[in-house]
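Below is one structure, written out as structure tokens; comments come after it.
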Amino acid sequence: MFRFSSIKDYHAALTADTTTCTQAVKYYLDQIAAQAHLNAFLEVFSEEALAQAAALDAARKAGKSLGKLHGVVIGIKDVLNYKGHKATAASKILENYTAVYTATAIQKLLDQDAIIIGRQNCDEFAMGSSNENSAYGPVKNGLDPTKVPGGSSGGSAVSVQANLCMISIGSDTGGSVRQPADFCGVVGLKPSYGRISRYGLIAYASSFDQIGIFSKTIEDAALVLEMMAGEDNFDSTVSSSAVPSYSNEIEVQASPQKVAYFKETLFHPGLDPEIKTKIENYLKDLQHKGYIVEAIDFSLLSYLVPTYYVLTTAEASSNLSRFDGIKFGHRTKENIEDLTDLYKKSRTEGFGEEVQRRILLGTFVLSAGYFDAYFTKAQQVRQKLVDLTNAVFSKYDIIVSPTVPSTAFTLGANNHTPTEMFLADIYTVYANLVGIPAISIPLFTHSNGMPFGLQVMSASFNETNMLSFSKQQMLDKAD
Ligand code: GLN
């Protein structure tokens with residue numbers, strides 16, 4: 001039977017002729033069908049993936065040069081445009097939308113011979129922390145289907161967790177890769193803002209959004225990041241700085257040693273006591289191993305979630321204005337004469353409750369009378385956070401924290417108050433507010449049986465530090 005442990009091992013097996021790309025694709029198609037109840041995929045590109053696999057097998061046998069992601073089977077969150085395929089953002093408003101171009105990040109994967117196996121379920125327009133906001137039904141956690149997988153990239157996380165593909169590509173605006181990775185026990189990486197082109201990613205909050213990666217290993221995440229990163233004429237916010245060879249660098253660079261953590265993160269009242277104890281013990285252990293581990297005061301912790309929700313909803317209210325039933329998206333079938341009424345009716349029918357709530361909130365914080373009190377204030381807090389972060393990284397290599405204050409919660413349990421749900425983002429939104437890279441690595445298991453992760457962050461554009469440190473932690477865990 002086909003088995004996947006890492007891209008490197010898979011490539012070795014292909015070279016040794018003990019497996020083929022076709023076998024791999026067939027295995028994943030079977031798994032997706034067998035675990036359809038998880039609702040991780042919105043659409044599977046079966047025939048296309050099989051045809052691509054056959055072509056790659058033939059090319060390999062003919063001795064052609066192979067892409068770095070030769071035959072790697074990848075699922076993509078349904079917020080990424082892939083030409084000729086539907087892209088719905090898990091919303092009814094885009095139910096019938098077919099992408100007319102391919103996102104740069106996806107094109108770069110295809111250029112390295114990756115196989116895209118399908119598009120994955122998520123919260124509508126990537127807004128949510130549990131994947132319960134999808135217009136196509138919730139995703140279930142593969143370890144316990146009564147639990148949520150996290151969100152918004154829940155389908156992508158579960159796909160890696162439950163062996164439905166090798167790698168998933170998600171998006172992370174405030175934790176949507178790291179939080180579901182934590183809940184599902186897989187690796188979830190959000191790079192620095194501007195490391196990967198956002199061209200072709202359906203926008204939620206443009207100054208926060210980044211494309212991210214789910215994998216089983218740090219090495220795979222490093223390789224896929226290396227392939228997707230880099231400049232792009234279609235995204236003015238992407239960095240033109242050279243992309244390091246992360247996959248080689250983490251082979252040679254030893255783990256950085258200077259680790260900081262924010263004191264307040266461990267004293268937050270919402271933090272599960274067992275997660276707190278396990279992280280505290282882990283930090284002590286790091287010290288015993290010779291790392292410098294120091295606590296830093298972080299009085300701004302309670303401002304993170306409000307600042308994030310003021311700024312992201314403001315950006316969302318602007319970004320989502322294009323879905324008006326005229327330029328893009330569902331148009332009401334009702335016979336309406338007035339243009340404003342047509343917009344209203346189409347948008348009311350097309351957007352789900354959470355998306356509507358955020359558009360309203362965002363429009364409110366941007367309105368003339370409240371702009372300074374909310375939007376300007378939040379921008380000032382964001383700048384303070386950036387200054388603090390620069391100061392921390394002038395002394396330390398790494399900041400660690402829990403990824404999420406709890407383990408995966410029960411489906412339906414947390415969706416009665418939006419603010420309760422927002423608190424699940426307390427540790428993850430920081431990295432998006434300041435633009436630094438962050439990763440969740442599956443180090444721990446709770447006594448309730450569910451996994452949880454450690455969040456590792458490093459200075460902007462220093463993904464190598466974050467990846468080297470994370471690789472060492474995964475190795476130490478395996479010992
Ligand atoms: N849970 C956060 C939110 O709902 C993060 C979402 C994301 O990163 N896309 O905004």
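Lys278 places a side-chain N or O within donor-acceptor distance of the main-chain N or O of Thr445, the cut-off being under 3.5 Å. Here the side chain of His85 pairs a donor or acceptor atom with the backbone of Lys83 at under 3.5 angstrom. Of the possible donor and acceptor atoms, one in the side chain of Glu315 sits under 3.5 Å from a partner among the backbone N and O of Ser206. A donor-acceptor pair is defined here as one N or O able to donate and one able to accept, closer than 3.5 Å; no such pair exists between the side chain of Gln107 and the backbone of Thr102. With hydrogens and angles ignored, the 3.5 Å screen pairs a side-chain donor or acceptor of Tyr10 with a backbone N or O of Gly71. Side chain of Asp397 to backbone of Gln257: a donor-acceptor contact under 3.5 angstrom is found. Looking only at distances, no side-chain donor or acceptor of Asp272 sits under 3.5 Å from a matching main-chain atom of Ser406. A donor-acceptor pair under 3.5 Å links the side-chain atoms of Asn432 to the main chain of Thr173, judged by distance alone. Under the 3.5 Å distance criterion, the side-chain polar atoms of Lys216 are matched with a main-chain donor or acceptor of Val160.
Between Ser440 and Val187, every side-chain heavy-atom pair lies at or beyond the 4.5 Å cut-off. Using a 4.5 Å heavy-atom cutoff, the side chains of Met457 and Val400 are not in contact. Residues Asn281 and Leu283 have side chains not in contact (no heavy-atom distance under 4.5 Å, counting atoms from C-beta outward). Taking 4.5 Å as the limit, every side-chain heavy atom of Pro451 sits out of range of all side-chain heavy atoms of Pro442. Residues Ile250 and Glu219 form a side-chain contact, since some pair of their non-hydrogen atoms from C-beta on lies under 4.5 Å apart. Here the side chains of Tyr204 and Met127 are in contact, with some heavy-atom distance below 4.5 Å. Between His11 and Lys68 there is no side-chain heavy-atom pair separated by less than 4.5 Å. By the 4.5 Å heavy-atom criterion applied to side chains, Met227 and Asp111 are not counted as neighbours.
With values rounded to the nearest 0.5 angstrom, Leu56 atom CG is found 5.0 Å from Ile115 atom CD1. For the atom pair Asn465 CG and Lys258 NZ, the distance stands at 10.0 Å (nearest 0.5 Å). The line from OG1 of Thr389 to CG of Leu433 is 9.0 Å long, rounded to the nearest 0.5 Å. In this structure, the separation between OG on Ser159 and CG on Leu38 is 8.5 Å, given to the nearest 0.5 Å. For the atom pair CD of Gln179 and OG1 of Thr428, the computed distance is 6.5 Å after rounding to the nearest 0.5 Å. Ile398 contributes atom CD1, which lies 13.0 Å from atom CD1 of Ile292 (distance to the nearest 0.5 angstrom).
Aromatic pair Tyr430/Phe262: ring centres closer than 6.0 Å. Centroid-to-centroid, the aromatic rings of Phe444 and Phe452 come within less than 6.0 Å. Taking the six-membered ring wherever Trp is involved, the centroid distance between the rings of Phe469 and Tyr291 falls below 6.0 Å.
More than 12 heavy atoms of other residues, nucleotides or ligands lie within 6.0 Å of CG in Asp387, so this atom counts as buried by the packing criterion. For OH of Tyr101, the number of neighbouring non-hydrogen atoms (other residues, nucleotides, ligands) closer than 6.0 Å is greater than 12. With a 6.0 Å radius and a threshold of 12 heavy atoms from other residues, nucleotides or ligands, Lys276 has its NZ atom above the threshold. The environment of NZ in Lys140 is sparse: at most 12 heavy-atom neighbours from other residues, nucleotides or ligands sit within 6.0 Å.
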Would Ser152 and Asn131 satisfy side chain to side chain donor-acceptor pair (under 3.5 Å), going step by step from the backbone distance to the final call?
CA-CA 5 Å; Ser152 64; Asn131 219 129; over 6 Å; no
Check against side chain to side chain donor-acceptor pair (under 3.5 Å), Tyr28 and Asn163
CA-CA 7 Å; Tyr28 289 115; Asn163 298 315; 5.8 Å; no
Would Ser215 and Thr217 count as a side chain to side chain donor-acceptor pair (under 3.5 Å) if you check the C-alpha gap in whole Å, the side-chain angles of each, and the deciding distance to 0.1 Å?
CA-CA 6 Å; Ser215 62; Thr217 69; 5.1 Å; no
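Using modelled atom types and a 3.5 Å distance limit, the side chains of Gln455 and Ser401 yield a donor-acceptor pair. In this model, a donor atom of one side chain and an acceptor atom of the other lie less than 3.5 Å apart for Lys77 and Ser153. Defined by atom type and a distance below 3.5 Å, a donor-acceptor pair is missing between the side-chain atoms of Gln253 and Thr464. For the 3.5 Å distance criterion, the side chains of Thr88 and Asp78 qualify, holding a donor opposite an acceptor. Side-chain contact of Gln31 with Gln35: a donor-acceptor pair under 3.5 Å is present, judged by distance alone. Under the 3.5 Å distance criterion, with hydrogens and angles disregarded, no donor-acceptor pair is assigned to the side chains of Ser176 and Asp172. Residues Tyr193 and Arg198 have side chains that bring a donor and an acceptor to within less than 3.5 angstrom of each other. With no hydrogens or angles considered, no side-chain donor-acceptor pair links Ser134 and Glu124 at under 3.5 Å. In summary, the side chains of Tyr427 and Arg178 do not present any donor paired with an acceptor at a separation below 3.5 Å, with no hydrogens or angles considered. Side-chain N/O atoms of Tyr282 and Gln473 include a donor and acceptor closer than 3.5 Å. Under the 3.5 Å distance criterion, with hydrogens and angles disregarded, a donor-acceptor pair is assigned to the side chains of Gln23 and Thr19. No hydrogens or angles considered: a donor-acceptor pair under 3.5 Å links the side chains of Asp232 and Thr104. Defined by atom type and a distance below 3.5 Å, a donor-acceptor pair is missing between the side-chain atoms of Asp220 and Ser6. A donor-acceptor pair shorter than 3.5 Å can be found between the side chains of Asn141 and Gln161. Side-chain contact, Glu463 with Ser192: a donor N or O sits under 3.5 Å from an acceptor N or O.
Residues Ser130 and Glu132 approach most closely at OG-OE1, 2.6 Å, considering heavy atoms. Between Ile436 and Lys190, the closest heavy-atom pair is O-NZ, 3.0 Å. Looking at every heavy atom in both residues, Ala40 comes nearest to Val139 through CA-CG1, 4.3 Å. Between Pro149 and Phe183 the shortest heavy-atom distance is O-CB, 3.4 Å. Nearest heavy-atom pair across Leu201 and Ile211 is CD2-CG1, 4.0 Å.
The aromatic rings of Phe2 and Tyr27 sit tilted relative to each other, their planes meeting at an angle between 30° and 60°. Taking the six-membered ring where the residue is Trp, Phe234 and Tyr199 present parallel rings, their angle staying beneath 30° rather than reaching 60°.
Because its NZ or CZ atom is both nearer than 6.0 Å to the ring centre of Phe208 and within 45° of the ring axis, Arg382 counts as a cation-pi partner of that residue.
Evaluation of the salt bridge (charged side-chain N to carboxylate O under 4.0 Å, His left out) rule for Asp285 yields Lys289 as partners, not counting sequence neighbours. With sequence neighbours excluded, the residues satisfying side chain to side chain donor-acceptor pair (under 3.5 Å) with Arg60 are Asp57, His70.
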